[in-house]
Amino acid sequence: MALLERKDMADVNNNINNNSSTGTEVPSNMTIYINNLNEKIKIDELKKALHAVFSQFGKILEILAFKTLKHKGQAWVVFEDVQSASNAMRQMQSFPFYDKPMIVSDLFPSEIYIFQMAGKKKKDQHDTNQVGVGMTPAYGGAYGTTPPLSQIPYLGGVKSMVPEAPAPPNSILFIQNLPNETTTMMLQMLFQQYAGFKEVRMVETKPGIAFVEYGDEMQSTVAMHALQGFKLQQNSMLITYAKK
DNA sequence: AGCACA
């Protein structure tokens, strides 16, 4: 059953690709739609944060978000393949993001949108200037069994190789191997999910590291284990106790 | 609330 639906999805995918006999590259962009996003966040930061949090599911081709009245609080994340989109939708459902649970849904097959993907043209052309078809097949019904939401983004194949903590337990965690673009807010979103969260401190002069403080050592330990190895972009976070 | 180009 589930396998059949998987296969159907693959067929949709292939059809899209096969239909691209027009000479134009027509990627099958598997897009998810997100709303209930915090509208106070600037578009640029929002996109970066979405990328940071969704890239663990697969290659992201594009993230769209606008600040027009009609499109506030919403975003589209275009994945390279449908499996990534599908996983992202299930696993990030209700993920607390800037203090609001994000609502993630698929787009229906009837909603086929044309995008410009690569080689964006200038807007001297009109609505017909677009290249590439973005659509998401109706895989929505394919998972009757949405897994219980662990607020922790799924770690995928990342095995929880929790390194032997060299430092003794500390209510302050030391985070390493962060992408340079990581912001305080991104980390806050991840770490504030765990009880006792107090604050994130980044060291401007030293990119790639941060300190996250909890109320006590037990709380920091829970968060450390939960987020150990969490992938931001390509980087797996390394979390240890801060030195006293 | 608001499903595609600040």
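Every chain is numbered from 1 and lettered A, B, ... according to where its sequence line falls, protein lines coming before strand lines.
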Euclidean distance, atom OH of residue Y33(A) to atom P of dA1(B) [Å, nearest integer]
12 Å
Run the salt bridge (Lys or Arg N to Asp or Glu O under 4.0 Å) test against D44(A) and tell me which residues pass, sequence neighbours left out.
K48(A)
Holding to side chain to side chain donor-acceptor pair (under 3.5 Å), I want the full list of residues that pass it with Q233(A), two or more places apart in sequence or in another chain.
E181(A)
Sequence neighbours left out, what passes salt bridge (Lys or Arg N to Asp or Glu O under 4.0 Å) with K244(A)? Give chain and number order.
E217(A)
From CD1 of I63(A) over to P of dC3(B), roughly how many Å is that when rounded to an integer?
20 Å
Looking at A75(A) and L50(A), what are the two nearest heavy atoms and their distance?
CB-CD1, 3.6 Å
Value in whole Å for how far the P atom of dC5(B) lies from CH2 of W76(A):
8 Å
How would you list, by chain and number, every residue that makes a salt bridge (Lys or Arg N to Asp or Glu O under 4.0 Å) with E199(A), sequence neighbours excluded?
R201(A)
Grab the CG-P distance between L46(A) and dC5(B) for me, whole Å please.
17 Å
Taking ILVMFWY side chains as joined if any heavy atoms are under 4.5 angstrom apart, and letting links pass through other members, which residues group with I172(A)?
F174(A), V203(A), I209(A), F211(A)
Report the distance from atom CG of D44(A) to atom P of dA6(B), rounded to the nearest whole Å.
15 Å
In whole angstrom, give the distance that lies between atom CE of M102(A) and atom C1' of dG2(B).
17 Å
Which ones in residues 66-74 of chain A lie close to DNA chain B, meaning a heavy atom under 4.0 Å from one of its atoms?
F66(A), K67(A), T68(A), L69(A), K70(A), H71(A), K72(A), Q74(A)
To the nearest Å, how far apart are K100(A) NZ and dG2(B) P?
13 Å
